[in-house]
Amino acid sequence: MHIHGVQGADAMDGTAEALETMARVLPAEGTTAFLPTTITQKSENITRALEKMAEYRAAAPENGTAEIAGAHVEGPFFEPSKAGAQPAEFIVKASVDLFERWRQASGNAVRIVSLAPEHDPGFALTAHLQRIGVTASAAHSNASKALVDEAVKKGLSHVTHLYNGMSGLHHREPGIAAAALLNPALTVEIIADGVHSHPDMVQLAYQAAGANRLCVITDSLRAKNLPDGVYDLGGQQVTVAGDKPYLPDGTIAGSMLAMDKGFRNIQAFTGCSREEAVRMTSLNAAHEIGIAERKGSIEAGKDADIVWMDESEHVQKVWCRGRLAATAEQKGGVQP
């Protein structure tokens, strides 16, 4: 539900080739459907990326590739001091009119909007998103817990990449992280790579929020599956060294995490059951973006999206909508 790119492709490239690469490559790590995620940029660049997603979705055959289930618009409605790897020069106040232009460009396929609640005047966009069935998510924000709890009453239902780019846990000033852990109305993303959050903090999230409210995400970049080096993210230079991508000032910029590694990590970090890990990597996300009637579990009548793993939980074969999409031997796939 939150991925920028993989293997040289990025959602902001605004090309069918980039989207096709993502759809073709992601099944090898156990991903059968995804939301290409935009980044804070010029409005016209976001529009172009969403238009291309709409075109791709309209033309994409069911040919054994991961399905683009919609779009995740991350920004530009953020707090500059919590921008992280979001280009701060393009940050603006939340706007229903601007969002509606993007929704039209996407072919009405936006599923999530990540925003800073304190920069949504009167919670107007948050309330609008709730009315039309789009998930409003708190992100890159310095909001207090009290403000987040108020935004929940207006329709906020999700928190983007817990702990990262937000007001944190403080014993006198509980921020978004505290709201995420305590408010049962919020589902919560977590990047279970051991880089963005210490494994103990992942375990804290699991113990506080529980398996029913956590969604494991990758937030991965175009550099995933590629060698260490220098890559682009929203016009910014990102250096990748090992498992860590970072901006020139040292800010962590997205991840190199593969979903199957996140599946194994969430169990290792928290001691959760395999069944809970399945929920945190599939069904919770499907519920949150409104596609659980056909995604997120294996049931009669749902899409035949199936990941077959060996006993060590490494991907062996993947089917997307009933068609074989990846095997362990596939280039870019995970070897047993």
Side-chain angles (χ1 to χ4, degrees), residues 2 4 11-12 14 35-51 53 70-106 108-162 164-168 173 175-177 179-180 183 185-186 189 219 233-236 247 251 253-254 289:
H2 187 158
H4 296 280
M12 289 298 291
L35 302 183
T37 303
T38 62
I39 194 172
T40 298
Q41 254 293 338
K42 294 179 181 177
S43 175
E44 55 265 33
N45 292 353
I46 296 173
T47 299
R48 184 177 67 250
L50 293 171
E51 287 175 341
M53 290 180 209
H72 180 165
V73 174
E74 188 184 12
F77 311 131
F78 289 149
E79 160 55 39
S81 69
K82 295 294 185 180
Q86 301 281 328
E89 63 267 33
F90 302 116
I91 288 176
V92 297
K93 293 281 188 183
S95 164
V96 173
D97 289 343
L98 183 53
F99 164 75
E100 278 299 318
R101 292 204 293 272
W102 289 336
R103 182 162 75 112
Q104 182 177 4
S106 75
N108 193 27
V110 176
R111 298 283 187 177
I112 303 177
V113 175
S114 289
L115 54 82
E118 70 270 35
H119 294 304
D120 180 14
F123 303 118
L125 179 55
T126 297
H128 177 71
L129 294 172
Q130 183 188 47
R131 283 193 297 270
I132 63 175
V134 175
T135 297
S137 184
H140 294 280
S141 165
N142 202 34
S144 66
K145 177 181 181 296
L147 189 143
V148 173
D149 289 340
E150 188 64 27
V152 167
K153 297 176 184 177
K154 303 297 184 180
L156 190 78
S157 64
H158 194 65
V159 174
T160 300
H161 47 49
L162 179 65
N164 300 113
M166 65 180 61
S167 47
E173 297 178 2
I176 294 178
N183 195 317
L186 293 168
E189 295 178 1
D219 194 10
L233 175 66
Q236 304 169 108
L247 299 180
T251 300
I289 66 172

- Do Asp97 and Arg101 meet the salt-bridge criterion of a basic N to acidic O distance under 4.0 Å?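 Judged by the 4.0 Å cut-off on N to carboxylate O distance, Arg101 and Asp97 do not form a salt bridge.
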- Decide, yes or no, whether a salt bridge links Lys153 with Glu150 under the criterion of side-chain N to carboxylate O below 4.0 Å.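 Salt bridge: yes.
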Could you tell me the separation between the [atom1] atom of [X] and the [atom2] atom of [Y], rounded to the nearest 0.5 Å?
X	Y	atom1	atom2	result
Lys154	Gln130	NZ	CD	10.0 Å
Ser95	Leu115	OG	CG	12.0 Å
Ile112	Ser157	CD1	OG	8.5 Å

- Task: List the steps and the verdict of side chain to side chain contact (heavy atoms under 4.5 Å, CB included) for Ser114 and His72.
- Result: CA-CA 8 Å; Ser114 289; His72 180 165; 2.8 Å; yes
- Message: Before you tell me yes or no, could you show the steps for His161 and His140 under side-chain hydrogen bond (donor to acceptor under 3.5 Å, both in side chains), namely the whole-Å CA-CA distance, both residues' side-chain angles and the distance that decides it to 0.1 Å?
- Response: CA-CA 9 Å; His161 47 49; His140 294 280; 3.3 Å; yes
Would you indicate whether the side-chain heavy atoms of [Y] and [X] approach each other to under 4.5 Å?
X	Y	value
Leu50	Val73	yes
Phe78	His119	no
Pro87	Gln236	yes
Met12	Thr38	yes
Phe123	Leu147	yes
Asn183	Val159	no

- Query: Pick from Leu98, Thr126, Asp120: which one makes a side-chain contact (heavy atoms from CB on, under 4.5 Å) with Phe77?
  - Reply: Leu98
Taking every non-hydrogen atom, the tightest pair across [X] and [Y]:
X	Y	value
Pro76	Trp102	CD-CH2, 3.3 Å
Met166	Ile176	SD-CG2, 3.7 Å
Leu233	Ala85	CD2-CB, 4.2 Å
Ala185	Val152	CB-CG1, 3.7 Å
Gly155	Ala136	O-CB, 4.2 Å
Ile39	Gly234	CG2-CA, 4.0 Å

- Give the intermediate values and the outcome of side chain to side chain contact (heavy atoms under 4.5 Å, CB included) for residues Leu129 and Phe99. CA-CA 9 Å; Leu129 294 172; Phe99 164 75; 3.5 Å; yes
- With sequence neighbours left out, write down each residue that passes salt bridge (Lys or Arg N to Asp or Glu O under 4.0 Å) with Arg103, or none if nothing qualifies.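 Testing Arg103 for salt bridge (Lys or Arg N to Asp or Glu O under 4.0 Å), a comparison that skips the adjacent residues, returns Glu100.
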Can you check whether [Y]'s main-chain N or O pairs, donor with acceptor, with [X]'s side chain at less than 3.5 Å?
X	Y	answer
Arg111	Gly70	no
Glu74	Thr37	no
Ser137	Thr160	yes
Ser167	Ala143	yes

- Query: Stepwise, does the side chain to side chain contact (heavy atoms under 4.5 Å, CB included) test hold for His2 with Leu35?
  - Reply: CA-CA 6 Å; His2 187 158; Leu35 302 183; over 6 Å; no
- Query: Do Glu118 and Ser141 meet the criterion of a side-chain donor-acceptor pair at a distance under 3.5 Å?
  - Reply: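 Distance-only check passes for Glu118 and Ser141.
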